[in-house]
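Only a predicted model underlies this, so the values are computations on that prediction, with no experimental measurement involved.
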Protein chains: 2
Amino acid sequence: MCENCNYTTILKTAGVDATANRVSVLETIGNNNYPLTAMDIYHVVERTLSINRVTVYRILDLLVAKNILERLSSGGRTAYFGMAPNENHLPHPHFYCTSCGRMDCLNSESVRINTEQLQKTFPGKIENIAIRVDGICTNCLKEKAH
Amino acid sequence: MCENCNYTTILKTAGVDATANRVSVLETIGNNNYPLTAMDIYHVVERTLSINRVTVYRILDLLVAKNILERLSSGGRTAYFGMAPNENHLPHPHFYCTSCGRMDCLNSESVRINTEQLQKTFPGKIENIAIRVDGICTNCLKEKAH
DNA sequence: AATAGTAATGCAATTGTGTTGCATTAGAAT
DNA sequence: ATTCTAATGCAACACAATTGCATTACTATT
Ligand SMILES: [Mn+2]
Ligand SMILES: [Mn+2]
Ligand SMILES: [Zn+2]
Ligand SMILES: [Zn+2]
């Protein structure tokens, strides 16, 4: 999906060993054009590479901590993972279909936010602003129309 | 907290029985100026009114479905509940302290979003836009400063 | 008032997602 | 070879939330 990313290099640059498991987890996410759950990722990776469920969770935690991946909340109880914003990937909001659980990336210009007011007046420390558009995806709309 | 809300009336208008449990759950949320978790609510209600944990979850589900409450996601695995936006309560973003788990309501003007572009071009059905500001609250900042 | 039907609730068990503790394995360094 | 460390596996656990089924409270009908 992303021709600018060499996953092994990304891992090494972040100072972590580029083990086969880690490369495969990162590749799975990077090759997909929408964010995936830990279990999605696990099922993809285990097709080629004997790996434990727990290892997937640990790799995801590590790569989020290293700012390689971003953890997205669905509004449900399951986290989704996508590539973290960087030079090649602008931050962008996501769409979550409450009917089928599919998460999609939206264009970074689709929702403009102005946080000046907030930045000036908020007394705490702001670390991230998560914007999630919830609704029904076109696939689910079609199915409902039956 | 809200002098414009009669909780029994709200329930009846929505077409559900205003049972003691339901009124108490709704009151607990309405009287609080920040969103609460199901267990927060349970602990408040059970001080006055023998109630089961499961009943709290069921009431919350019902009142969210009836658009009386809104379910807010924290990014963690626990949902928070607040009054749903209505004539008296404009929709607004929330602040979530990743250190202590406290959720706060922000002013509806603090984050301006422009969704024109999205509304025009998005092929699915948009039902809600959730904006959550994550960071560290002032209390936790103070504690860290020790 | 008795009866029957429905809605609300309680309780135990279960689920889904994620985490922890500890043992084992794989690699790297000496 | 030996030693050290990082990565992984596996079983048990934690926790919020859900489910199935029994019980209770309430309403309507007779
Ligand atoms: Mn994305
Ligand atoms: Mn609020
Ligand atoms: Zn869908
Ligand atoms: Zn805090």
A.B. asks: Is there, by distance only and without an angle test, a donor paired with an acceptor across the side chain of B:Arg53 and the base of D:dA17 below 3.5 Å?
C.D. replies: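 A donor-acceptor contact between them is present.
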A.B. asks: Assign each of A:Ser50 and B:Arg71 to its nearest nucleotide of DNA chain D by heavy atoms, then name whichever residue's nucleotide is nearer the 5' end.
C.D. replies: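 Nearest-nucleotide comparison on DNA chain D picks A:Ser50.
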A.B. asks: Verify the contact: side-chain N or O of A:Thr19 to OP1 or OP2 of D:dA7, cut-off strictly under 4.0 Å; return yes or no.
C.D. replies: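 So the side chain of A:Thr19 is outside the cut-off, no N or O lying under 4.0 Å from OP1 or OP2 of D:dA7.
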A.B. asks: Regarding A:Ser74, tell me which of base, sugar-phosphate or nothing describes its non-hydrogen contacts under 4.0 Å with the strands shown.
C.D. replies: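 The residue A:Ser74 makes no contact with any strand.
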A.B. asks: Taking only the side-chain heavy atoms of B:Thr78 (C-beta and beyond), determine which of D:dA16, C:dG18, D:dA7 contains the nearest atom.
C.D. replies: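 The answer is D:dA16.
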A.B. asks: Can you tell me how far C1' of D:dG9 sits from CZ of A:Arg22, to the nearest Å?
C.D. replies: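 Atom-to-atom, A:Arg22 to D:dG9, this comes out as 15 Å.
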A.B. asks: Round to the nearest Å and state the distance from A:Ile41 atom CD1 to C:dG18 atom C1'.
C.D. replies: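 In whole Å, C:dG18 C1' and A:Ile41 CD1 are 13 Å from each other.
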A.B. asks: How close or far is atom C1' of D:dC15 from atom OH of B:Tyr80, stated in whole angstroms?
C.D. replies: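 Taking atom C1' of D:dC15 as the reference, OH of B:Tyr80 is at 13 Å.
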A.B. asks: Which nucleotide in the list D:dA6, C:dG18, C:dT19 gets nearest to the side chain of A:Asp61?
C.D. replies: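 Between D:dA6, C:dG18, C:dT19, the one nearest the side chain of A:Asp61 would be C:dT19.
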A.B. asks: Tell me: CG of A:Leu60 to P of D:dA7, nearest whole Å?
C.D. replies: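 Roughly 15 Å, once rounded to whole Å.
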A.B. asks: Does B:Thr13 use its side chain to pair, donor to acceptor, with the backbone of B:Thr9 at less than 3.5 Å?
C.D. replies: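 Flag set: sc B:Thr13 to bb B:Thr9 pair under 3.5 Å.
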A.B. asks: Considering just the side-chain nitrogens and oxygens of B:Thr55, establish if one lies under 4.0 Å of OP1 or OP2 belonging to C:dG10.
C.D. replies: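 Answer yes for this pair, as a side-chain N or O of B:Thr55 is under 4.0 Å from OP1 or OP2.
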A.B. asks: For C:dT9 and B:Asn21 - does any side-chain N or O of the residue sit under 4.0 Å from the phosphate oxygens OP1/OP2?
C.D. replies: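 Checking B:Asn21 against C:dT9: at least one side-chain N or O falls below 4.0 Å of OP1 or OP2.
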A.B. asks: Starting at CD1 of B:Ile51 and ending at P of D:dT24, how long is that distance when rounded to a whole Å?
C.D. replies: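 Atom CD1 in B:Ile51 sits about 18 Å away from atom P in D:dT24.
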A.B. asks: With a 4.0 Å limit, can you tell me whether A:Asn52 has a side-chain N or O closer than that to the phosphate oxygens OP1/OP2 of D:dC10?
C.D. replies: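 Yes, A:Asn52 has a side-chain N/O under 4.0 Å of OP1/OP2 on D:dC10.
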A.B. asks: If you compare every side-chain N and O of A:Tyr57 against the phosphate oxygens of C:dG18 (OP1, OP2), does one of them come in below 4.0 Å?
C.D. replies: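 Answer yes for this pair, as a side-chain N or O of A:Tyr57 is under 4.0 Å from OP1 or OP2.
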A.B. asks: Over 60° means perpendicular and under 30° means parallel, so classify the ring planes of B:Phe122 and A:Phe95, tilted if in between.
C.D. replies: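 Tilted.
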A.B. asks: Please check this pair: side chain of B:His92 against backbone of B:Leu90, looking for a donor-acceptor N/O pair closer than 3.5 Å.
C.D. replies: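 Present.
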A.B. asks: Verify, without hydrogens or angle tests, whether A:Ser24 (side chain) and A:Ala20 (backbone) share a donor-acceptor contact under 3.5 angstrom.
C.D. replies: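 Not a single qualifying donor-acceptor pair exists.
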A.B. asks: Would you mind telling me which of C:dA8, C:dT17, D:dT18 lies closest to the side-chain atoms of B:Val54?
C.D. replies: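 For B:Val54, the side-chain atoms sit closest to D:dT18.
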A.B. asks: Rounded to the nearest Å, what distance is computed from the CG atom of residue B:Asp17 to the C1' atom of nucleotide D:dA25?
C.D. replies: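 So the two atoms are 11 Å apart, to the nearest Å.
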A.B. asks: For B:Arg77 and for B:Ala20, locate the closest nucleotide of DNA chain C by heavy-atom distance; then report the residue assigned to the nucleotide nearer the 5' terminus.
C.D. replies: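 It is B:Ala20, whose closest nucleotide lies nearer the 5' terminus.
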A.B. asks: Hey, does A:His94 have a side-chain heavy atom less than 4.5 Å from the side chain of A:Val133?
C.D. replies: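 A side-chain contact under 4.5 Å is absent here.
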A.B. asks: Is there a donor N/O on one and an acceptor N/O on the other, under 3.5 Å, for the side chain of A:Arg58 and the base of C:dG18?
C.D. replies: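 Per atom types, no contact qualifies.
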A.B. asks: Okay, side chain of A:Asp40, backbone of A:Thr37: is any donor-acceptor separation there less than 3.5 Å?
C.D. replies: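 Judged by distance alone, yes, a pair lies under 3.5 Å.
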A.B. asks: Rounded to whole angstrom units, what separation is found between the CG atom of A:Leu62 and the P atom of C:dG18?
C.D. replies: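 Rounded to whole Å, this separation is 17 Å.
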A.B. asks: How many Å lie between CG on B:Leu72 and P on D:dA16, as a whole number?
C.D. replies: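 B:Leu72 atom CG is separated from D:dA16 atom P by 17 Å.
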